[in-house]
Amino acid sequence: MEITIRKLTGGESAPMHLLLEADPEEKAIQKYLHKSLIFLAEHKEQTAGVLVLVKRSSTSLEVMNLAVDEAFRGKGIAKKLLARAKMEGETGGYAFLEIGTGNSSLDQLALYQKCGFRMDGIIKNYFLDHYDKPIYENGIPCLDMVRLKMRLLS
């Protein structure tokens, strides 16, 4: 399957339906979307996935949102988007690429580690403190944020 990844242009809207799959509250997404670099993964002009990057500091770039449309899952698109995030971080001169996910996001935790991220910390009660409604994944309450980090430049 041929997938192209391109940067979202100024006049285009981000695919909110996909962003909401990775971050369940639109108001949380709106807090970072305006200051983000947004990339779309496309297959034959159909949006297959989305990647949102935010400058965290002068040395660190963060993946704020990563989602793949259900019809395209299991085809390596998330890995391609993470490879693009890594490339953007390296060409931007960042030393680190960071990502955070829920303690209950088992598939995402596995994916990020397979792609080279290492666990870096836990923010206890993050999802209780920052989201209005309880979140459950894999039958597990999503309470804590697991922070992961990848070194880009030595």
Worksheet item: Shortest non-hydrogen contact from Leu97 to Phe117?
Response: O-CE2, 3.4 Å

Discussion item. Applying side-chain contact (heavy atoms from CB on, under 4.5 Å), can you list everything that pairs with Asn125, at least two apart in sequence or on another chain?
Written reply: Leu128, Asp129, Asp144

Worksheet, complete the sentence: For Lys149, the side-chain contact (heavy atoms from CB on, under 4.5 Å) test, sequence neighbours excluded, returns Phe96, Glu98, Asp120

Fill in: Side-chain donor or acceptor of Ser105 paired with backbone N/O of Gln108 under 3.5 Å
no

Practice prompt. List the steps, then state whether side-chain contact (heavy atoms from CB on, under 4.5 Å) holds for Leu51 with Val63.
Written response: CA-CA 7 Å; Leu51 166 71; Val63 176; 3.8 Å; yes

Worksheet item: In Å and rounded to the nearest 0.5 Å, what is the CZ to CG distance from Arg118 to Leu148?
Response: 10.0 Å

Item to complete: For side-chain contact (heavy atoms from CB on, under 4.5 Å), just list the numbers for Phe72 and Gln46, CA-CA rounded to whole Å, side-chain angles, deciding distance to a tenth of an Å, and then say yes or no.
Response: CA-CA 10 Å; Phe72 292 96; Gln46 194 174 11; 3.5 Å; yes

Practice prompt. For Glu90, enumerate each residue passing the side-chain hydrogen bond (donor to acceptor under 3.5 Å, both in side chains) test, keeping only those at least two apart in sequence or located in another chain.
Written response: none

Fill in: Separation of Leu53 CG from Leu81 CG (nearest 0.5 Å)
9.5 Å

Worksheet item: Between His43 and Glu2, is there a donor-acceptor pair closer than 3.5 Å when you use the side chain of the first and the backbone of the second?
Response: yes

Worksheet item: Please, which pairs that meet salt bridge (charged side-chain N to carboxylate O under 4.0 Å, His left out) have at least one residue in residues 32-49, sequence neighbours excluded?
Response: Arg6-Glu42

Worksheet, complete the sentence: One should read off an interatomic distance between Thr101 OG1 and Met119 CE, to the nearest 0.5 angstrom, of 10.0 Å

Worksheet item: Is there a side-chain contact (heavy atoms from CB on, under 4.5 Å) between Leu82 and Tyr112 once you walk through the steps?
Response: CA-CA 8 Å; Leu82 287 170; Tyr112 302 152; 3.9 Å; yes

Practice prompt. With sequence neighbours excluded, give me every side chain to side chain donor-acceptor pair (under 3.5 Å) pair touching residues 76-87.
Written response: Arg84-Glu88

Worksheet item: With distance as the sole test, does Asn103 use its side chain to make a donor-acceptor pair with the main-chain N or O of Cys142 at under 3.5 Å?
Response: no

Worksheet entry | For Arg151 against Leu153, the heavy-atom pair lying closest together | NH1-O, 3.0 Å

Response to the item:
Taken in chain and number order and not counting sequence neighbours, the residues that satisfy side-chain hydrogen bond (donor to acceptor under 3.5 Å, both in side chains) with Asp132 are Lys27

Worksheet, complete the sentence: What one should report as the nearest heavy-atom pair of Ala41 and Ile77 is CB-CG2, 3.7 Å

Worksheet item: In the hydrophobic cluster built from side-chain contacts under 4.5 Å, what are the other members alongside Phe127?
Response: Ile123, Tyr126, Tyr131, Ile135, Met145

Worksheet, complete the sentence: Cluster membership besides Leu106, Ile/Leu/Val/Met/Phe/Trp/Tyr side chains within less than 4.5 angstrom, sorted by chain and number, is Ile140

Response to the item:
With sequence neighbours left out, the residues meeting side-chain contact (heavy atoms from CB on, under 4.5 Å) with Ala95 are Thr59

Worksheet item: Is a donor on one side and an acceptor on the other found under 3.5 Å between the side chain of Gln113 and the backbone of Leu109?
Response: yes

Discussion item. If I compare all heavy atoms of Glu137 with all of Ser104, which pair ends up nearest, and what's the gap?
Written reply: OE1-OG, 2.7 Å

Worksheet item: What residues form a side-chain contact (heavy atoms from CB on, under 4.5 Å) with Lys31, not counting sequence neighbours?
Response: none

Practice prompt. Could you identify which residues cluster with Met16, counting Ile, Leu, Val, Met, Phe, Trp and Tyr as linked when any side-chain heavy atoms lie under 4.5 Å apart, either directly or through a chain of such contacts?
Written response: Leu8, Leu18, Leu19, Leu20, Ile29, Tyr32, Leu33, Ile38, Leu40, Val50, Val52, Val54, Met64

Practice prompt. Quick one: closest heavy-atom pair of Tyr94 and Ser58, and the distance?
Written response: CD2-O, 3.9 Å

Worksheet item: Going by an N to O cut-off under 4.0 Å, is there a salt bridge joining Lys7 and Glu12?
Response: no

Response to the item:
Residue pairs meeting salt bridge (charged side-chain N to carboxylate O under 4.0 Å, His left out), one or both in residues 63-77, sequence neighbours left out, come to Glu21-Arg73

Discussion item. Has Thr91 got a side-chain atom pairing as donor or acceptor with Met87's backbone, closer than 3.5 angstrom?
Written reply: yes

Worksheet item: What distance separates Lys55 NZ from Ser36 OG, expressed to the nearest 0.5 Å?
Response: 13.5 Å

Practice prompt. Please check if Leu37 and Ile5 belong to a single hydrophobic cluster, counting links between Ile, Leu, Val, Met, Phe, Trp and Tyr side chain heavy atoms closer than 4.5 Å.
Written response: yes

